[in-house]
Amino acid sequence: MINYEEKIAEILAQQIPDLEKAEILGMIEKPQDSRMGDYAFPCFRLAKVMKKAPPLIAGGITEAIESNTLFEKVEQVNAYVNMFVSRDEFVKNVIEEVVSGGEDYGKSGQGEGKPVIVEYSSPNIAKPFHIGHIRSTVIGASIAHIYEFLGYDVTRINHLGDYGTQFGKMIVAYRHWGNKQDVIDEPIRTLLSYYTRFHIEVENDPSLEDEARATFARLEAGETEEMELWQWFRDESLREFSRVYDMLGITYDSYAGESFYSDKMPRFVKELSEKGLMEEDQGAQIVRLEEYGMSPALITKSDGSTLYITRDIAAAVYRKETYDFYKNIYVVASQQNLHFQQWIKILELMGYEWAQDCVHVPFGLVSLEDGTMSTREGRVVFLEEVLKGAVDKTREIIREKNPDADDETVEEIARAVGIGAVVFNELSNYRIKDYVFSWSNVLNFEGETGPYVQYTHARACSILRNAGEDTVTAASRGFDPGYITSDSAYDLAKLLYEFPAVIEDAGAKYEPSVVTRHIVDIAQSFNRFYHDEHILVEDEDERVAKIAMVIAAKTVIKTGLGLLGMKVPERM
RNA sequence: GGGGCACUAGCUCAACGGAUAGAGUACCAGACUUCGAAUCUGUCGGUUCCGGGUUCGAAUCCCGGGUGCCUCGCCA
């Protein structure tokens, strides 16, 4: 496929000897209003270098580009050079490329099989998997898909929060007020109730805190009784988490969480000490970071037990040694920005030059209409309930629209569309933004939503079924672009052309919403094309050409939704 | 108090430093005997939080202020 921007830059590089081609490339624009052309080049900044008035420069450039057949029209508007791509050739090339590429269209060799780690979801054991966890889970899964698509060798890690003083609290609470059968029947809710009760009881009996710390210290020391309880809580919790992961279609290569590194930390505590980075303060071991504009980082507590950051140091080194990562990506809430800055700085100070390959991908906070979620106070919305709620609503809609469908089909589509709606909604906006969870928002299936895009895909599939196998086969062999002439068809072709660049951009920014928005644009564009033109016309050549367009749009929508981690049903 | 992030249409959000700031939603008005109406078309809707500055050009960059959220050694 022709890279138009490259081509324009090549021509302009000869016209503007004072600028590097890369600089020129950066100056090429895509006008928001397509009446201004497909590409535009503003000449204001050249005035100083070339010592001429911008419109004069634009005039010269216009002439130079006019001689190229890639463009059917080149227009000067004041200091702008507006370029209009030759449509027939463009449309033919794009559609052929998508149709022949199929599910590989948009893939890139940029990754060259380099190892990339994506750490995401990482819920705390024995605590509810709530709506706040959807962010890391879904954003991380999508980033993993995107990097895989770009050719990287991706390892997915669920860094479970399965360690720390909280388990001391949990064990203490269980021993005082627990019941085995309750835990077996409803693990998370029961364990959460222990955790909540602990925080109520501790108000009247502060010694419980000490008891919890001591209990965790015994766990860290590997005492059998504490280890068994901990293992049991972990197993029960993980079983509940996997239900949600199954619904979301999320998988992992490793569940090595915090506990996995519990015996790998002394080495680094020693190393920090030997490298003179650590000092004692009020009984705790700390690394001072004032000169880097940060507060000190606590490495070990005054009772000698370790902290989060210590485990993260151990985990990073372990991952470097095990996977030799090219990039080590952490999809973790922006609340932990300071923690990650401290941690990367400490790795740097320890002399690990790969610290710069570790990337924190932060995201904003989810709150509820009545305030911030609080596990301790039991003010949470369970993710599983949100997913089930969305599936329930979808099931009703399908039954209403399609009363004849059999139960099994309805159930399968309801899951794909309902869960897809939640996932798509989550990946619609920039991840750094905070938002307030609202049922009416996730259960909205009209406009810029997952179901809308899935519907568009199903509609395209329906047209292809009606067109018949012969026409579809013919379209994949070749077609005459002269039949695809409307503006809406051309706009659609442009969006399909941009798809590979959009994926690269999303990868570079660790920002799935870039993909989400582009797929919405494609769906909108396709629906306009659908309404503007009759596709299954009598004339065979015209029909074949339009079906090629439908195949291309369907293909890219499917790939795009796949990168978001969504299922793409052919009927709904 | 220190540090960080956010602020754009009634609401939810877009906009590589570029041309008249765009979508969805809500409201209103239209389009199914025709390829799927979970769709499409149109109308309405703006002091881009405020004030300076840089620039040919600022929602975007810099400085100051405001509001909200996050965070600042023994949780993660």
Side-chain angles (χ1 to χ4, degrees), chain A residues 26-33 36 40 42 44-45 47-48 53-54 77-80 82 122 124 127 161 163-166 169 213 258 281-288 293-303 305-309 311-312 332-339 341 362 364-365 367 372 394 397-398 400-402 417 421 425 428-430 432-436 438 440-441 444-456 458-467 505 513 517 520-521 523-524 526-528 530-537 543 546-547 550 571-572:
Chain A
M27 289 169 68
I28 298 169
E29 293 171 4
K30 285 178 222 157
Q32 284 186 15
D33 187 340
M36 313 274 206
F44 303 100
R45 278 153 65 189
K48 272 184 190 165
V77 181
N78 295 319
Y80 284 91
N82 294 335
S122 310
N124 287 329
K127 286 197 192 168
Y163 222 55
T165 313
Q166 52 178 334
K169 292 177 182 174
R213 268 196 288 273
E258 290 167 8
D281 193 84
Q282 297 166 39
Q285 296 291 332
I286 64 165
V287 175
R288 292 204 178 277
M294 288 180 265
S295 46
L298 247 75
I299 304 299
T300 63
K301 295 189 267 190
S302 46
D303 67 0
S305 59
T306 58
L307 284 150
Y308 185 28
I309 201 160
R311 288 190 280 275
D312 269 1
V332 179
S334 63
Q335 288 167 14
Q336 296 187 33
N337 278 352
L338 176 62
H339 163 78
Q341 282 164 14
L365 189 78
S367 52
T372 311
T394 312
I397 295 174
I398 296 171
E400 193 181 299
K401 289 179 189 292
N402 203 343
V417 176
N425 182 60
S428 289
N429 300 334
Y430 276 127
I432 201 64
K433 301 248 185 184
D434 295 343
Y435 72 87
V436 178
S438 98
S440 66
N441 194 22
N444 173 30
F445 291 179
E446 282 162 20
E448 298 170 331
T449 66
Y452 168 75
V453 179
Q454 286 170 320
Y455 171 81
T456 308
R459 176 186 246 181
C461 289
S462 171
I463 298 168
L464 297 181
R465 281 193 299 271
N466 292 337
D505 189 40
S513 66
R517 282 198 294 268
V520 168
D521 288 344
Q524 286 175 335
F526 177 81
N527 284 319
R528 261 176 233 132
Y530 175 89
H531 281 273
D532 286 357
E533 300 200 33
H534 195 72
I535 294 162
L536 297 176
V537 291
R543 195 170 70 237
K546 287 177 172 174
I547 283 300
V550 175
R571 299 168 201 263
M572 60 187 273

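In the text below, chain A, chain B and the rest are named by the order of the sequence lines, each starting its count at 1. Worth saying up front: this structure is predicted, and the values here are computed from it rather than measured.
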From the options [options], select the nucleotide whose nearest atom is closest to the side chain of [X].
{"X": "A:Ser295", "options": "B:C72, B:U39, B:A15", "result": "B:C72"}
{"X": "A:Lys301", "options": "B:A76, B:C74, B:C69", "result": "B:C74"}
{"X": "A:Leu298", "options": "B:G73, B:C69, B:A38", "result": "B:G73"}
{"X": "A:Gln524", "options": "B:G36, B:G24, B:A19", "result": "B:G24"}
{"X": "A:Asn429", "options": "B:A38, B:A14, B:A76", "result": "B:A14"}
{"X": "A:Met572", "options": "B:U71, B:A38, B:A19", "result": "B:A38"}

Applying a 4.0 Å non-hydrogen cut-off, can you work out what [X] is touching in the nucleic acid: base, sugar-phosphate, or nothing?
{"X": "A:Ala40", "result": "base"}
{"X": "A:Phe445", "result": "base"}
{"X": "A:Ile547", "result": "nothing"}
{"X": "A:Ala458", "result": "base"}
{"X": "A:Glu533", "result": "base"}
{"X": "A:Asp505", "result": "nothing"}
{"X": "A:Arg528", "result": "sugar-phosphate"}
{"X": "A:Leu307", "result": "sugar-phosphate"}
{"X": "A:Tyr430", "result": "sugar-phosphate"}
{"X": "A:Gly26", "result": "base"}
{"X": "A:Ile463", "result": "sugar-phosphate"}
{"X": "A:Val417", "result": "base"}
{"X": "A:Ser302", "result": "base"}
{"X": "A:Leu338", "result": "sugar-phosphate"}

Without decimals, in angstroms, what is the distance between A:Phe44 CZ and B:U55 C1'?
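Answer to the nearest Å: 12 Å.
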I'd like to know if A:Glu29 reaches the base of B:C16 with its side chain, counting only an N/O donor and acceptor under 3.5 Å.
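Yes, a donor-acceptor pair under 3.5 Å.
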Do any side-chain nitrogens or oxygens of [X] fall under 4.0 Å of OP1 or OP2 in [N]?
{"X": "A:Tyr308", "N": "B:A76", "value": "no"}
{"X": "A:Asn466", "N": "B:G36", "value": "yes"}
{"X": "A:Lys433", "N": "B:A14", "value": "yes"}
{"X": "A:Ser462", "N": "B:G36", "value": "yes"}
{"X": "A:Ser334", "N": "B:C70", "value": "no"}
{"X": "A:Arg45", "N": "B:U55", "value": "no"}

Check whether the ring centres of A:Tyr163 and A:Tyr308 lie less than 6.0 Å apart, and answer yes or no.
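Here the rings of A:Tyr308 and A:Tyr163 have centres that are no less than 6.0 Å from each other.
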Atom P, compared across B:A37 and B:C32: separation rounded to whole Å
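Between the two P atoms, the distance is 12 Å.
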Provide the distance between the two P atoms, one in B:G42 and one in B:G57, to the nearest whole Å.
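Roughly 35 Å separates the two P atoms.
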Are there more than 12 heavy atoms of other residues, nucleotides or ligands under 6.0 Å from atom CG of A:Asn78?
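Incorrect, the count does not exceed 12.
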Does B:C5 have a Watson-Crick or wobble partner in any strand here, with both distances under 3.5 angstrom, and which is it?
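Result: B:G68.
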Nearest 0.5 Å, what's the OG-CG distance between A:Ser295 and A:Leu338?
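CG of A:Leu338 is found 4.5 Å from OG of A:Ser295.
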